There are 2 protein chains.
Amino acid sequence: MPNNHFKKGELYSFITGKASIAIARRLQKKFNTSGLNLTIEQWSVLYHLWKEDGISQQELCNATFRDKPSITRLVDNLEKINLVKRVPSEHDRRINLIFLTKQAQKLQEETMALAENTLNEALTGVPAEKIDVCKEVLQIVYDNLK
Amino acid sequence: MPNNHFKKGELYSFITGKASIAIARRLQKKFNTSGLNLTIEQWSVLYHLWKEDGISQQELCNATFRDKPSITRLVDNLEKINLVKRVPSEHDRRINLIFLTKQAQKLQEETMALAENTLNEALTGVPAEKIDVCKEVLQIVYDNLK
DNA sequence: TTTATATAGTTGCACAAACAACTATATGCC
DNA sequence: GGCATATAGTTGTTTGTGCAACTATATAAA
């Protein structure tokens, strides 16, 4: 029994991810008006470094769901604005370990608060059970396709 | 009662829209392996023209949730590969009406089948009720933020 | 009718993503 | 040790996006 539950108009918004684009844009605006000179993509890299500092670019690829060239350039730009530093691994000279600078460590609290804020705005009026179902469905979609 | 239902790890995937990115990538691959020389973004413009041909660039902005420069360039590229044509409006000379070429009309059936296909793969194992809840939540999120 | 303002679209710039081709290092096998 | 292969990261190219500044046309107000 196939899942033919998508009328044409709905198909489009599922594929283009209108909701998550709207969330990302709202968060970007919050960054901008807070004077944070940071793109959402850069933030998404810092996000994983705040969870575990000093991981490799390859691990950042896996965590952020991006390919290697994308991470190379994001790290390039983060290095330029002094938020991370590449440190060659001593055990494997192919690997760069990426470390947060002090300046980046200071950004965690403020940006995470803005992110939680944004999600609360986005989910206003949505009951908790439905949020859980939605998270579950999106996780299955991701697992089905990866 | 705020909706603080996002543990840190989940917050990230909601903001970055991992699921819809996965869907778009899968569809792009289907286009590529079918020999369709078409990006998802270009397809998303054609999608709305198939529903209503000859709308303005501004209307395409609203429909595709993009800004004017983005549509200008997508239409540029679609014109280059001969899928659409700009026609100046006779009533308002500021406006370009965008029309599908015969070549683009032929693409509708094949690409829409691939898109439905992709969604069916993505939603394999998800019961219909949960899909409905998910669609509902994403719509509310979009409405909350737009 | 002239002037101000709003709207449609374009262009320049910086950043990001996908793909392919490339370099450098590590590992496994003979 | 020497060669094949896999892995980590970089670079070039094309396409797309967001923002600001711009041109051209239309509309409204004086």
Side-chain angles (χ1 to χ4, degrees), chain A residues 16-18 20-22 24-33 36-46 54-81 83-84 86-98, chain B residues 16-18 20-22 24-33 36-46 54-81 83-84 86-98:
Chain A
T16 56
K18 269 173 30 171
S20 50
I21 292 174
R25 284 186 192 165
R26 175 64 60 98
L27 179 56
Q28 180 71 67
K29 264 188 194 155
K30 282 185 201 293
F31 284 178
N32 296 344
T33 57
L36 295 170
N37 216 11
L38 195 65
T39 67
I40 296 300
E41 294 82 4
Q42 291 166 351
W43 173 81
S44 80
V45 171
L46 298 182
I55 61 180
S56 70
Q57 293 189 200
Q58 183 56 55
E59 287 170 308
L60 281 173
C61 291
N62 303 336
T64 65
F65 197 39
R66 289 182 170 85
D67 68 356
K68 286 195 276 201
S70 296
I71 290 297
T72 293
R73 275 139 187 165
L74 282 174
V75 172
D76 284 349
N77 286 336
L78 284 167
E79 247 185 344
K80 265 186 222 157
I81 57 178
L83 292 179
V84 305
R86 282 180 169 93
V87 178
S89 163
E90 296 181 355
H91 302 80
D92 186 334
R93 296 197 302 169
R94 292 171 302 181
I95 294 178
N96 289 333
L97 302 177
I98 311 301
Chain B
T16 55
K18 270 173 30 171
S20 49
I21 291 173
R25 286 186 190 165
R26 176 64 60 98
L27 179 55
Q28 181 70 68
K29 265 189 193 154
K30 282 185 201 293
F31 283 179
N32 296 344
T33 58
L36 296 170
N37 217 12
L38 197 64
T39 67
I40 296 301
E41 293 82 3
Q42 290 167 350
W43 173 81
S44 80
V45 171
L46 298 182
I55 61 180
S56 70
Q57 294 189 197
Q58 182 58 55
E59 288 170 307
L60 280 173
C61 291
N62 303 336
T64 65
F65 196 39
R66 289 181 170 84
D67 67 355
K68 285 194 277 201
S70 296
I71 290 298
T72 293
R73 274 134 189 167
L74 283 173
V75 172
D76 284 349
N77 286 337
L78 283 167
E79 247 186 342
K80 265 187 222 157
I81 57 178
L83 292 179
V84 304
R86 282 180 169 92
V87 178
S89 162
E90 296 181 355
H91 303 78
D92 186 335
R93 295 197 304 168
R94 294 170 301 181
I95 294 178
N96 289 334
L97 302 177
I98 311 301

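The shown structure was predicted, so the numbers you read here are calculated from the model rather than taken from an experiment. Lettering of chains follows the sequences in order, A, B, ..., and the numbering in each one begins at 1.
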In whole angstroms, how far is the [atom2] atom of [N] from the [atom1] atom of [X]?
X	N	atom1	atom2	value
A:Ile40	C:dC15	CD1	C1'	13 Å
B:Glu41	C:dA17	CD	C1'	9 Å
A:Leu38	C:dC15	CG	C1'	12 Å
A:His91	C:dT27	NE2	C1'	17 Å
A:Ile95	C:dT27	CD1	P	9 Å
A:Leu60	C:dA16	CG	P	14 Å

Residues that [X] engages under side chain to side chain contact (heavy atoms under 4.5 Å, CB included), provided they are two or more places apart:
X	value
A:Leu97	A:Ser56, A:Ser89, A:Ile95, A:Phe99
A:Arg94	A:Asp92
B:Ala63	B:His48

For nucleotides 18-20 of chain C, which of its nitrogen or oxygen atoms have a protein nitrogen or oxygen under 3.5 Å away, and what is each distance?
| unit_1 | atom_1 | unit_2 | atom_2 | d |
| --- | --- | --- | --- | --- |
| C:dA18 | OP1 | B:Arg25 | NE | 2.7 |
| C:dA18 | OP1 | B:Arg25 | NH2 | 2.9 |
| C:dA18 | N6 | A:Arg73 | NH1 | 3.4 |

Holding to side-chain hydrogen bond (donor to acceptor under 3.5 Å, both in side chains), I want the full list of residues that pass it with [X], two or more places apart in sequence or in another chain.
X	result
A:Ser70	A:Asp67
A:Thr16	none
B:Gln57	B:Arg86, B:Asn96
B:Lys30	B:Glu121

Checking all strands, does [X] fall into the base, sugar-phosphate, or nothing category for heavy-atom contacts under 4.0 angstrom?
X	value
B:Thr39	sugar-phosphate
A:Leu74	sugar-phosphate
A:Asp76	nothing

Would you mind telling me which residue lines up with the more 5' stretch of DNA chain D, A:Glu59 or B:Lys80, judged by nearest nucleotide?
-> A:Glu59
Roughly how far, to the nearest 0.5 Å, is the CG atom of B:Leu38 from the CG atom of B:Leu83?
-> 6.5 Å
Say you draw a straight line from CD1 of A:Ile40 to CD of A:Gln42; how long is it, rounded to the nearest 0.5 Å?
-> 9.5 Å
Think A:Asn77 has a side-chain N or O under 4.0 angstrom from the OP1 or OP2 of C:dA14?
-> no
The first and last nucleotides of DNA chain D lying within contact of chain A, meaning any atom under 4.0 Å from one of its heavy atoms, run from D:dA6 to D:dG18
First encountered from the 5' end of DNA chain C, between B:Arg86 and A:Gln42 | B:Arg86
